[in-house]
Every structure is written in structure tokens, then in C-alpha cells.
Amino acid sequence: MPGVDVMQILQQTVEPYFKEAMGTLGVQSSDYEKLLGLATVADHGDLAIACHSLSRILKKSPVDIGDELSSILKPLLDGIVEVNSLNGFVNLKATDGWIEKHCGIICNDARLGVNKSSISRTVAIDYSSPNVAKEMHVGHLRSTVIGDSLTRILEHLGHKVIRENHIGDWGTPFGMLIEHLLDLGEGDAGNELSVGDLDGFYKTARTKFDDDSAFADRSRSRVVLLQSGDKETLRLWQVLVDESTRYFNEVYQLLGVLLVDDDLMGESAYHHLLPNVVEHLDNKGLLKNSDGADVVFPGGHLNRDGEPLPLIVRKGDGGYNYATTDLACIIDRVQRLGANDLLYVVGTPQARHFEMVFAVAHQAGLLDDSNRAIHVNFGSVLGSDGKVLKSRSGSAVKLVDLLKEAVTRADEVIGEKNPNLVGKERQEIANAIGIGAVKYADLSTDRTRDYMFDWSKMLSFEGDTAPYLQYAHARIRSIFDKVESDSWHSSSLSIENDSERRLARSIIGFADAIQSAYVDLMPNRICIHLHQLSAAFGSFYENCPVLVAEKNEVRDSRLKLCDATARILSTGLGLLGIHAPDRM
Ligand code: ARG
């Protein structure tokens, strides 16, 4: 996209002069609102003003208006942009002077031009959210990694973030899980669960439930005991929860995400609120009876037969649903926690669930116009066969295994590239590269799409990968290892060639990339920018000698560009939850 890197700040600079010029021409503001925008042809400039719609008002040809406007703007924008009139368009291209000045401001700014939002919002973000006694699958990996990055981005912009790990820890399956726990003996069951053999545990319990009617009966009575708060049953339930969370924590630690035990707010935490939810919906006159169940019809959703689809909040047997819990969650997050925004980082298949829950919450007055409830949906992770990623045995891939493999593979790559790295440092770097590669492969794809899990692609030092960006960062750090004086700090920038120009423009564009990632909740916007920045740095490094530059001023200016580039890389990667080592 032409000009997109420096677009926003340049447009803000040009805007007042553009308005002045329109005033001089006698055009009303309502007639020129959207005329100044992004140039569509890179060679023509960064911004463009289309004059065609002014023709009717000024009764002149677009070409004449372009020429006239251009001669009014030229003196006003002197030093900011070059102004050219072509075929009814006025094209504006940032001058080197403007680039030097703005890039210089950003180089001197600890926040690299990324300002905190003027209004700080309280955001509850629901992510990771695996299920007790079930393997975390790659969908939970995506949720964890995307949620972690969004948390970091929001906090960086000055918002208050409340992390909610909404684990599935309640409901009818717990009857059979507890009975299976008793059959195995607590010690053995604990062992099985804590090493992460959660799927085996769950599947055996399920098979017993389906095949053994006595077991099924015991399980059903166990659910009743659990619901009624029986002490011993709750204790056994807690064993299941604790062993599973131990395993989840192992995954979180390997991943290096922000989630801690305090963020656990599972389904069980809302259990006591469920009767209130149903009562509230009833008081609002929203509750209907459908085949013995209590339901709400939010409208707008039809089933396969074209009939209105209800959101079931209490089943015929009195049991509550996933949806009831999510409504209770909304009450808790808005009323107790004071959240303005509610984000749910959950896979696309749950889109309808969230649409219906949000609609009911609005109708019931649990959410109002000041709240934003957003399903931050994401696609699937696919194996090389194009199908949802499975392990060789065909079961869900165990996340710890996957992450450990990432680190091992990264260690092999380091062994080839830089065998001098050893010991603890090598371990840390292998960790940063391996885990970084997995996270980046996930975050760099538009989250709403599926992506293919491909070890060799994600670990490559070339292309749109974490190691490529990390390597650019480490390369710059190694330049500074050889710099003795820090006189470059106070030097000013001078842009002399294309490589410097491209790098400086990319430095200016960092703030726009963060803003865009925030507005659309799309971490990949940061990846796109960091990749473009690293590529710009690559050609700069090839064409512009830094330490042996011909003049001191040139060397200092280049060092300044290098320093800002490295800081953007480590800050940007940091917002993705990826570490940027100084050496690799
Ligand atoms: N535990 C659910 C799952 O594994 C995800 C929960 C998402 N959060 C929520 N508030 N519904 O699919």
C-alpha cells in the first residue's frame, strides 16, 4: 500500500492547510470532506486530493482546479510535501525534510511515537479458557497467544485490562469424571492428569459412562451431590481442577504468557448467579417456554427449518447451559468489575453463540450503548494435509509436546548458525526462537483465517517469521557493541538515499500499525509492519555503511535509525509476546 507507513501523521499535518486552501477557493467544508486521502499510486505520492467532484461547484475542469489548488498549496506546504497537479488530482509526497523531522522526533521518543489513548477503557478479555480434564487443543493455543498479545497491546495504549481465563470446570461431565477419579484412586488419577494425559482420562470416563449403566447411575447421582454443594464431592472436584490447572500452567510457562492463577475465573465461579439470570430475564418479560425449557428468542437467528432459534437458558430438567453462564459472566464483568469492553477470544465456530448471548444481554439491559462486546474470533490451525492439526495417532496434539518440540528444533537451528552459543544463553535463545516462531506463525495470519502449521517455514531465518525479525534486532545490537561514544544520541537525522528514506518512513509508521492492530483487534497488523521494517533495514544495512560511514554526521544519523529500528523490533515483538534476544 503506497504511503501507508507515514500516512496518518502526514495527513494530520496537511489537513489544516488543505482546509485553508479550500476556503481560499470558496468551497464549503461539506463539499470537500473526503477529498484528501491516501494516494492510490505509489509513484504519485503519499496523499492525493481528487478534484473531480469540485468541478460542479467551481464550474471549472478538474485539471484546472488541480492546477489552481496546487499553486495555492505549494507555498503553504513548503518543506512538508512536494505538491504536483496531474489529471485532476493534486498529489502530495512527504519531503525528506519532513521525514527527517518526524522520524527524529520518534527516534528521541521512549514510546516511539505510540501515544497512550486519551480515554482509558476497562477491558475484560476472556481468553485461553481450556476445559478441566480435557487436553488443551491448538484452538486453545490460538486463543492464548492472540489474547496475550491483545492484552499487551491494550495495556501499552493505557487501557486497564482484566484477564479472564474462563475454564470449563462445571457441568454434568463432572459426575462421571469424579466417579472415574474414585475408581482409579486419587493418587493414580492425579498422576495421569498432571502429566497432561487429560484426553485419556476423559475418554475412559466417557466410555465407562456409555457402556456401564451402574457407572452412569453413580455419575448422575454425583452430579446432584456436586450441584448441592456436598463437601466431599467438592473436594474431589477440586482435585480434578487443581491437577488440570497444574498442566495448563506448564503450558503457559513454556509459552511465556501473562496468565496466572489469579486470572482463573471458570464456569463454576458463576454457578450461584445462574438462577438470578433466569429470574432477571423473566422480569424483563423475555422468558418463553419451549418444549419444557426456559428460552429467550433474541430474533435474527433461524434454525434449519427456518424457525426462530431460541437461546436455551434452563433445560427441561432444570439444568443450566453454557449460554446462561455467559450471561452471568456479563453481569459480573460489567457490574462487579466495571468493564466497558468485553472481549472473547474464541474460535469462529462459536460465533452464533456469542451473537445470541450479546443480543439477549442488550435486550435484558445487561449491556448498554456504552459497552462493547466483541467476539474476537479466529480460524483453525491446519496440518500439512490441510485438515485440522492432529497428532500422528490421530488424537488432538498435546500442546506441551508441540512447544517442547519447537524449542528443540530451534536449538538445532542455532547449532547450525551459531555453534559458539552455549549453555544457559543458548537455552534462552532457543526458547525465544522456538516459542517466538510458533507464536508469530499464529499471530501473523489474519486471525479470522485458518493457517497451516509448518515447522520449517516458521523457523526459517528468511521470510515473514519471528527468527527473521529477531535476527534483524540482534544484528543491530551487535553494531552497538562496537560503538564507543554515544554522541549519536543528540545528532539529527539526514536522509540522503532511498534506503535511508524507506527505513525512516517505516519508523514513522510504527504508531499507525499499533493503532490499526488495536482498532481492529488484529495483532497481525503489527507483524506486517515489523516485517516491512526489517526488510527496509535489510536493504539499508546492505547499502549504507554505518560504523565506517564517510562522515561522523552520517554515521550518527545512521546509528540513530538503527537504534530506533531495534527498539521498534523489541517493542513490537514484545507486544506480540515474543522475546527479542540481543544475540543469536
Ligand atoms: N471452554 C470453552 C471451550 O473450550 C471456551 C470458553 C470461552 N469463553 C466463554 N466465556 N464462553 O470451547
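Read the numbers this way: they start at 1 and go in the same order the structure lists the ligands and their atoms. A quick note: this is a predicted structure, and the numbers were derived from the prediction, not measured.
Counting the atoms of ligand 1 from 1 in the order shown, those under 4.0 Å from a heavy atom of V346 are 7 (C). Proximity to D326 (heavy-atom distance under 4.0 Å) selects the following atoms of ligand 1: 9 (C), 10 (N), 11 (N). Within the listing of ligand 1, atoms 10 (N) sit less than 4.0 angstrom from a heavy atom of Y344.
Here the options are L343, T448, V346, the test is side chain to side chain contact (heavy atoms under 4.5 Å, CB included), and the partner is V376; only L343 passes.
With hydrogens and angles left out, the side-chain atoms of D261 and N249 include a donor and acceptor closer than 3.5 Å. No side-chain N or O of D242 forms a donor-acceptor pair with one of S244 less than 3.5 Å apart.
For the pair Q350 and ligand 1, a heavy-atom separation below 4.0 Å is found. Heavy atoms of H140 approach ligand 1 to within less than 4.0 angstrom.
Scanning all protein heavy atoms for the shortest distance to atom 8 (N) of ligand 1 gives D126 OD1, 3.1 Å.
For S129, a nitrogen or oxygen atom sits less than 3.5 Å from a nitrogen or oxygen atom of ligand 1, counting backbone and side chain alike. Ligand 1 has an N or O atom lying under 3.5 Å from an N or O atom of N131, backbone or side chain. Checked against a 3.5 angstrom limit, the closest N/O atoms of Y322 and ligand 1 fall inside it.
At a threshold of 4.5 Å between non-hydrogen side-chain atoms, the residues Y471 and E462 do not count as touching.
In Y270, neither the side chain nor the backbone holds a heavy atom less than 4.0 Å from any atom of ligand 1.
Taking the six-membered ring for Trp and thresholds of 30 and 60 degrees, H180 and F215 have ring planes more than 60 degrees apart, a perpendicular arrangement. F354 and Y344 have tilted rings, their planes meeting at an angle from 30° to 60° on a 0 to 90° scale.
Environment of CG in D369: sparse, with no more than 12 heavy atoms of neighbouring residues, nucleotides or ligands closer than 6.0 Å.
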